[in-house]
Number of protein chains: 2
Amino acid sequence: MHEVATTNEEDQGLAALKFDVFARGCPARSTLEHVTGRWSILVLGGLDAGPMRFNALLRRVEGVSEKMLAQALQALRRDGFVHREVRTAFPPNVEYSLTPLGRETSAKVRGLIEHLEAHMPQVLAANEHYDQEQISG
Amino acid sequence: MHEVATTNEEDQGLAALKFDVFARGCPARSTLEHVTGRWSILVLGGLDAGPMRFNALLRRVEGVSEKMLAQALQALRRDGFVHREVRTAFPPNVEYSLTPLGRETSAKVRGLIEHLEAHMPQVLAANEHYDQEQISG
DNA sequence: CGGGATCCGAGACGATACTG
DNA sequence: CAGTATCGTCTCGGATCCCG
C-alpha cells in the first residue's frame, strides 16, 4: 500500500519516486486530472489573483455553471489546493483562497496558460496550415 | 525562422492582450483544453523523453486506447505541438516528435507534473483530512 | 504497424428549481 | 449569497472490427 507518512526530507525523496502519472492506477494521475480539468484549471488560475467569493469566481470564469464551479472547488479543496473560509453573517460570506501548495501549483498553471496565450498566433497559424493539408491530401 | 507577424514589442503586447482563457469564446481556451486534456497532457509529457512511435506511446501512457491516442495526437498536431513523420517501408514506420513550440509547452507541462508527483504525500494527507471532516461535520 | 469507422454505455455538463 | 437536488442532453471514451 501507500506508505506516505513522512516527516523528514529523505523519506520525501524516496516517496516521490513511487508516484508516476504514466502508471495505470497512480493517485497522481487523478490529482493531475483534478488540477487540469476543464474548469478546475481556470478556477486555480482565477484564484491566483487573490481570495475571491463564490459569485465573483462564477463571473471571472466565464461560462462555468454553479454546479461545475462547486464541484471543481470541492475537488481542489479535497486535494488541499484551495481553502474555504466561512464568515457567519448576513448575507452569508464565503471566501475561497489558495493554500501554500495551491499557490505553488497555481504558479505553474499560470505559467502554462500565459505561455499558450502568448503563442496563440502561432497555434492559429498551425491550425490553418493543418486544415489546408487535409483538403489537398 | 517562422515569425508570426510581430517584430516590435508593441505588437507583441497588443496581440497578447487579445487572448484571455477566462473569456467565453476565446480560442486560447480550446487550445488549453487540447493541451491539458486527460490523455493529451500525458502524451505531451511522454514525448518529452524523445521521438516515439505510435505503439511505443501506447505502452508509455498506460491505459490509453488506440482511439484516444490517435485523437490526442491529431489535436496536438493540428495546434502545432507535435510533428508526424512517415517512413514508407514495411512494416510501416511512423514517428512522433515535439515541435519547438511543443518542447516549450511540454517543459511547462512537465514542470507541473513533477511538482504534483513530488507533493503527492501532502495531497493524500489532505484527502484523508478532508474526508474525516465530512464525517464529523 | 498505424490507424479509421462504428456502436454503445457511463459520466460530464447545463438549466432550472429549491434551500439555509 | 452560497450552494444542493434533480433531470435531460450530449460528449467522452472503451471495445471491436477493418483496412493499407
Side-chain angles (χ1 to χ4, degrees), chain A residues 21-22 24-25 29-43 46-47 51-78 82-97 130-131 133-135 137, chain B residues 21-22 24-25 29-43 46-47 51-78 82-97 130 133-134 137:
Chain A
V21 284
F22 296 105
R24 257 178 202 272
R29 186 176 283 192
S30 53
T31 300
L32 178 64
E33 284 166 13
H34 294 162
V35 168
T36 62
R38 179 177 177 191
W39 299 116
S40 309
I41 194 169
L42 294 177
V43 170
L47 280 178
M52 228 175 286
R53 302 186 32 195
F54 188 87
N55 281 294
L57 263 171
L58 203 63
R59 269 174 267 114
R60 173 138 174 77
V61 182
E62 295 182 17
V64 70
S65 65
E66 292 183 4
K67 176 184 170 181
M68 288 298 106
L69 177 57
Q71 192 173 299
L73 282 170
Q74 274 191 20
L76 291 174
R77 211 146 68 83
R78 197 178 106 95
V82 166
H83 175 69
R84 178 176 184 264
E85 182 130 18
V86 190
R87 257 183 270 286
T88 34
F90 195 84
N93 185 318
V94 181
E95 201 170 66
Y96 289 92
S97 58
Y130 182 93
D131 293 343
E133 266 192 346
Q134 300 310 306
I135 297 172
Chain B
V21 284
F22 296 104
R24 259 179 203 270
R29 186 177 283 193
S30 53
T31 299
L32 178 63
E33 283 167 14
H34 294 161
V35 168
T36 61
R38 178 177 176 189
W39 299 116
S40 309
I41 194 168
L42 295 177
V43 170
L47 279 178
M52 229 176 285
R53 303 195 23 204
F54 187 86
N55 282 294
L57 263 172
L58 202 62
R59 268 174 269 114
R60 173 137 176 78
V61 182
E62 296 181 17
V64 70
S65 66
E66 293 183 2
K67 175 184 172 182
M68 288 300 106
L69 178 57
Q71 193 172 297
L73 282 170
Q74 274 191 18
L76 290 174
R77 213 147 65 85
R78 197 177 106 95
V82 164
H83 175 67
R84 178 177 184 263
E85 181 131 16
V86 190
R87 259 184 276 286
T88 34
F90 196 85
N93 184 319
V94 181
E95 200 172 66
Y96 290 92
S97 59
Y130 182 92
E133 265 191 347
Q134 300 311 305

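It should be emphasised that the depicted structure is a prediction, and the values quoted were computed from it without experimental measurement. By convention in this document, chain letters (A, B, ...) are assigned in the order of the sequence lines, proteins followed by strands, and residues within each chain are numbered from 1.
Of the two residues near DNA chain C, B/Q71 and A/Q71, the one whose nearest nucleotide lies more 5' is B/Q71. When each of A/Q74 and A/P92 is assigned the nucleotide of DNA chain D with its nearest heavy atom, A/P92 is the one assigned upstream, toward the 5' end. Each of A/F54 and B/E66 lies near DNA chain D, and the nucleotide nearest A/F54 is the one positioned closer to the 5' end.
Heavy atoms only, all atoms of each residue included: A/L47 and A/Y96 are closest at CD2-O, 3.5 Å. For the residue pair A/V64 and A/L69, the shortest heavy atom distance occurs at CG2-N, 3.8 Å.
The phosphate of C/dG14 (OP1 or OP2) has a side-chain N or O of A/R38 nearer than 4.0 angstrom. Between B/Y96 and C/dC1 there is no side-chain N or O to OP1 or OP2 distance below 4.0 Å. Contact between the side-chain N/O atoms of B/R53 and the OP1/OP2 oxygens of C/dG2 is found at a separation under 4.0 Å. OP1 or OP2 of D/dC1 has not a single side-chain nitrogen or oxygen of A/N93 nearer than 4.0 Å.
The salt bridge (charged side-chain N to carboxylate O under 4.0 Å, His left out) search around B/E62 returns none, not counting sequence neighbours.
Atom pair B/H34:NE2 and D/dT11:C1' shows a separation of 13 Å (rounding to whole Å applied).
Nucleic acid contact class of A/R87 (heavy atoms, under 4.0 Å, all strands): none.
Distances from the side chain of B/M68 to the nucleotides D/dG3, C/dG14, D/dG13 place D/dG13 closest.
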